[in-house]
Structures are given as C-alpha cells and as structure tokens.
Amino acid sequence: MDIASEMDMQAGLSFLDYNAPLFIAWQINTECNLGCLHCCEEAGHSMSDEMDKDEVFNFLRQIVELKIPYVALSGGEPLLHPLFFEICEFLKSSNISLKVETNGEFIDHEIAKRIAGLRFRSVQISLDGANASTHERLRLAGDWNKAVAACRFLVKEDVNTEIVFVPTRFNIHEVGELIDLAYSLGAYGVYTGKVMRIGRAAKNWGILCPSDKEYEKFFAVLKRKMDEYKERMKVYYYPYDVIEELKYRLEYPSASALILPNGKVKLIGPLPFVCGDLKKQTLEEIWKNYKEAWQNTKVIEFAKRVIAEPKLLAESNKWVEIY
Amino acid sequence: MFLCEHVKIRDEKFGSVIFETLREKVYVTNETGKDILAFLKEGVSTEGIMASMVNKYNEDRMVVEKDVKDFIAILIKNRLVSDGHSF
Amino acid sequence: MKEEKIRNSEETKVESKLKGNKKVNTKEWKKPTLEDVSEKVMAQPYIRFT
C-alpha cells in the first residue's frame with residue numbers, strides 16, 4: 001500500500017497525519033569510552049561540529065513547543081556529554097517522557113540518585129553477556145561489573161531499568177542466563193533482537209553474525225523465557241532483521257525523528273539520507289521535509305536497492321542530504 | 001479519574017493522540033474522544049463528563065452517557081486512565 | 001459572567017425537555033473511538049537507534 005492510499009484510511013494510522021513527531025531519538029554525542037564491535041553509530045571520538053549549548057537549548061525549546069511527548073537520549077555514551085543533566089532537567093521540567101540509553105559505566109550511587117530525582121521513564125543499560133568475559137569480548141574496553149553495578153544502583157533508587165542485549169556469535173548462547181540475571185537485578189524489562197548490519201557491525205559482519213541455527217535456538221529460548229517471566233518482567237524481542245524493518249517502514253514510516261549530534265536529522269538508521277539540519281532549520285520545517293522525503297524517488301529507489309543488497313547498509317553512516 | 005503516569009496526550013487535526021510511553025503504545029481518538037480526554041486530564045468524574053457532553057452535543061442523553069461510559073471503560077482497560085482502584 | 005453561564009445552562013436543559021431531549025445549535029455527536037496505531041507510527045525499541 002502506498003502513502004497516498006493510506007491517507008484515505010483511519011486518521012492517525014499514517015505519520016503524515018501528525019503535526020509533529022511523536023518521538024525523538026537523539027544521539028547527543030559520539031564520544032564513547034568503549035569500542036563495541038557491533039556499534040551501529042561507530043562511536044568513539046566526538047564530532048567536531050556537535051551542537052553547542054545555544055543550539056542544544058534552541059532545539060529543546062522546539063521539542064516543548066511542538067509538544068513532543070517522548071524523547072530518548074543515546075550516544076556515543078550520553079553521560080559523557082557535558083550538558084547531559086541540563087538536557088534531562090529541561091525535558092523533565094517540561095513533562096516530557098525521557099529514556100536514556102547508556103553503557104552504565106558512569107552510573108554510581110550518586111548519579112543513580114540524581115537520575116531517580118528526575119523521574120525518567122527509564123534507563124536502558126547494555127549488557128551483552130551473562131558474565132564479564134563475554135560482555136567485554138564484544139564491548140572493547142567495557143566493564144561488565146560496572147554495568148551490572150549500575151543496574152543495581154538504579155533499581156535500588158526505584159528507577160525503571162531496562163536491559164538491552166545484542167546477540168552475536170560471541171554471546172548468543174548466553175541469552176537465557178542474561179534474562180535470568182536481569183530478573184535477579186530487578187530490571188523492568190529486557191530487549192533484544194537480531195544484530196543490525198550497520199556501522200561497525202557491518203564492518204565486522206563476518207565475525208559477528210550468528211548462523212540461522214543459532215538464531216533458531218535463540219528465539220526458542222526467548223519464547224520460553226517470555227512465558228517464564230510473564231507478569232514478572234517484560235521480555236521483549238523483535239524477531240525481524242533491519243531489512244524487514246526497512247521494508248515495513250517504506251510503507252509505514254514512523255512518526256519520529258532521529259537527531260544526530262551535529263543537528264542533522266536522519267530519515268531512518270539503515271538509510272544514509274539526512275532530511276534537515278537543526279542548525280539551519282526549525283524542527284517544524286524538518287518535519288515537513290521528513291514527510292516529503294519518504295515520497296522522494298531517490299530515497300525509495302535506494303531503499304529498494306538496500307533491501308536487495310543488504311551489504312549496502314554499510315553506507316548508512318555516509319550521509320546524503322536530501323533537503 | 002486521572003491519567004496514568006507516562007500517558008501523554010497531544011491534540012491533532014483528527015482528534016488526539018494518546019501515548020503511553022512506558023509500554024510505547026500509541027492510540028488515536030476522534031474529536032469526541034478528544035473532548036472527553038480534556039475533562040479526564042482535569043480530573044473530572046465520569047458523571048461530570050457525561051453531563052458536559054450531554055450539554056455540548058446534539059444527541060440523546062442515553063446515547064451520550066453510554067458512549068462516554070464505554071469509552072472511559074476502554075481507556076481504563078488499556079491502562080491509560082485510572083479511577084484509583086481499577087488496577 | 002458566572003450567572004450568565006448558569007442561566008444559559010438552565011435554558012439548554014429546558015430546551016432539551018421541550019425538544020424531547022434533543023438540543024439545538026450543538027455539535028454533532030460521534031461515538032468516541034480508540035485505536036491502537038503503535039506498530040504503524042512507532043518503531044520498536046530494539047531496532048530504533050540503528
């Protein structure tokens with residue numbers, strides 16, 4: 001079904017029906033203390049042109065004016081951003097739901113208390129193994145003990161704590177134990193799915209990608225664990241890969257905006273297209289661009305090529321401006 | 001009657017969008033639903049909402065009252081609003 | 001102002017009775033609906049940050 005025919009259906013089913021995004025996924029930085037083999041963002045060092053304080057606050061004010069209900073902050077490692085708490089305080093004082101996605105290594109008791117005071121929707125910690133050696137084999141320079149300790153600090157302070165697990169050949173066999181660990185830590189939920197062939201994961205695809213047989217076992221364990229923890233902890237898994245997601249989003253683009261640290265706005269992760277620049281345009285203008293971009297032949301044709309040749313996903317961080 | 005924690009409402013051209021951000025559930029409602037939600041946001045009781053809707057709309061009282069009650073029951077079932085003791 | 005509102009409200013009630021519970025000059029009622037559109041407009045949390 002194309003976008004035009006969808007317009008005739010129930011209002012609100014299409015992203016075109018909305019005055020503004022419903023959700024902002026904001027990578028506030030690219031700086032990270034780790035060098036994960038599967039990092040979609042290829043994070044590590046800071047970008048030279050990241051938004052400065054005025055630009056960050058100008059954007060924050062627009063989020064409030066457009067009544068965006070929900071914002072998720074990621075990075076890089078978001079807690080390394082010098083304005084991290086100022087950004088969080090601004091969003092929370094504006095009654096916006098806030099999720100933070102972090103490796104957890106900078107969350108000690110004091111930081112957990114500060115986060116608890118801000119009443120985030122949740123904090124999501126990456127745990128890529130049920131033990132230190134597995135986690136650290138994938139998350140180079142990572143410290144599993146610190147990530148686990150962060151979960152404990154957050155749970156103790158009554159912060160909704162979610163755990164995300166990315167399966168690779170290194171760790172896929174530990175998903176069951178990881179879920180048990182998450183429950184023992186008092187997590188609100190666990191998210192997982194297939195590793196995505198983007199960024200550094202695309203470059204390391206040959207050593208990372210699990211076999212079909214490994215995935216089969218993985219999803220069987222997940223199904224069992226989902227039943228086991230029903231009513232006690234949310235076990236959520238996304239059974240499709242990023243290509244399936246892209247196919248679906250070509251028909252139903254999400255009502256969201258993916259903001260890069262330099263203010264550029266990406267159409268969707270797996271594609272290289274950038275539909276606006278917050279340093280030069282308002283969020284309202286960019287939302288119009290976003291709506292048009294999903295009907296742009298160049299975008300549609302390239303997306304179809306990616307679907308046919310998934311290795312093109314490796315191009316997703318080589319941005320192409322279409323505004 | 002009050003909105004549950006993590007529930008955000010935004011007016012749109014077609015009515016309202018209701019976003020339960022913890023479960024990441026997005027719902028839409030029409031103009032009538034939007035009017036009812038405006039009262040729920042203010043903590044107005046079901047009886048108060050029904051009276052206001054009966055006054056505002058050109059429809060039989062019984063029909064309006066039933067529709068409002070049913071709508072609020074659906075909102076409660078979907079954990080979007082609470083009467084303080086439903087869950 | 002408040003008195004005027006009360007009077008108008010009373011008038012509406014009277015009108016309702018006279019017209020068999022039907023009022024005039026008011027908006028047309030449509031049954032309130034609630035539809036879950038989550039999958040259509042919101043990407044799944046696991047896949048979102050790609």
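Every chain is numbered from 1, with letters handed out A, B, ... down the list of sequences.
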Mind running side chain to side chain contact (heavy atoms under 4.5 Å, CB included) on A:Tyr70 and C:Met42 for me, showing each step along the way?
CA-CA 11 Å; A:Tyr70 181 21; C:Met42 190 68 189; 4.0 Å; yes
Evaluate the side chain to side chain contact (heavy atoms under 4.5 Å, CB included) criterion for residues C:Val41 and A:Tyr18: first the C-alpha distance (whole Å), next the side-chain angles of each, then the deciding distance (0.1 Å), finally the verdict.
CA-CA 10 Å; C:Val41 299; A:Tyr18 293 86; 3.8 Å; yes
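In the displayed structure, C:Glu39 atom CD is contacted under 6.0 Å by at most 12 heavy atoms of other residues, nucleotides or ligands. Counted within 6.0 Å of CD on A:Glu309, heavy atoms from surrounding residues, nucleotides or ligands total more than 12; the atom is thus considered enclosed. A 6.0 Å sphere centred on NZ of A:Lys234 holds more than 12 heavy atoms belonging to other residues, nucleotides or ligands. No more than 12 heavy atoms of other residues, nucleotides or ligands lie within 6.0 Å of OH in A:Tyr240, so this atom counts as exposed by the packing criterion.
With values rounded to the nearest 0.5 angstrom, A:Ser14 atom OG is found 10.5 Å from C:Lys40 atom NZ.
Proximity to chain C is absent for every atom of A:Asn317, based on heavy atoms less than 4.5 angstrom apart.
C:Gln44 pairs with exactly one of A:Tyr238, A:Tyr236, A:Tyr237, A:Tyr248 by the side chain to side chain donor-acceptor pair (under 3.5 Å) rule, that one being A:Tyr236.
Between C:Ala43 and A:Ser254, the shortest heavy-atom contact is N-CB, 3.9 Å.
Under the rule for a side-chain hydrogen bond (donor to acceptor under 3.5 Å, both in side chains), the partners of A:Lys264 that lie at least two apart in sequence or sit in another chain are A:Glu321.
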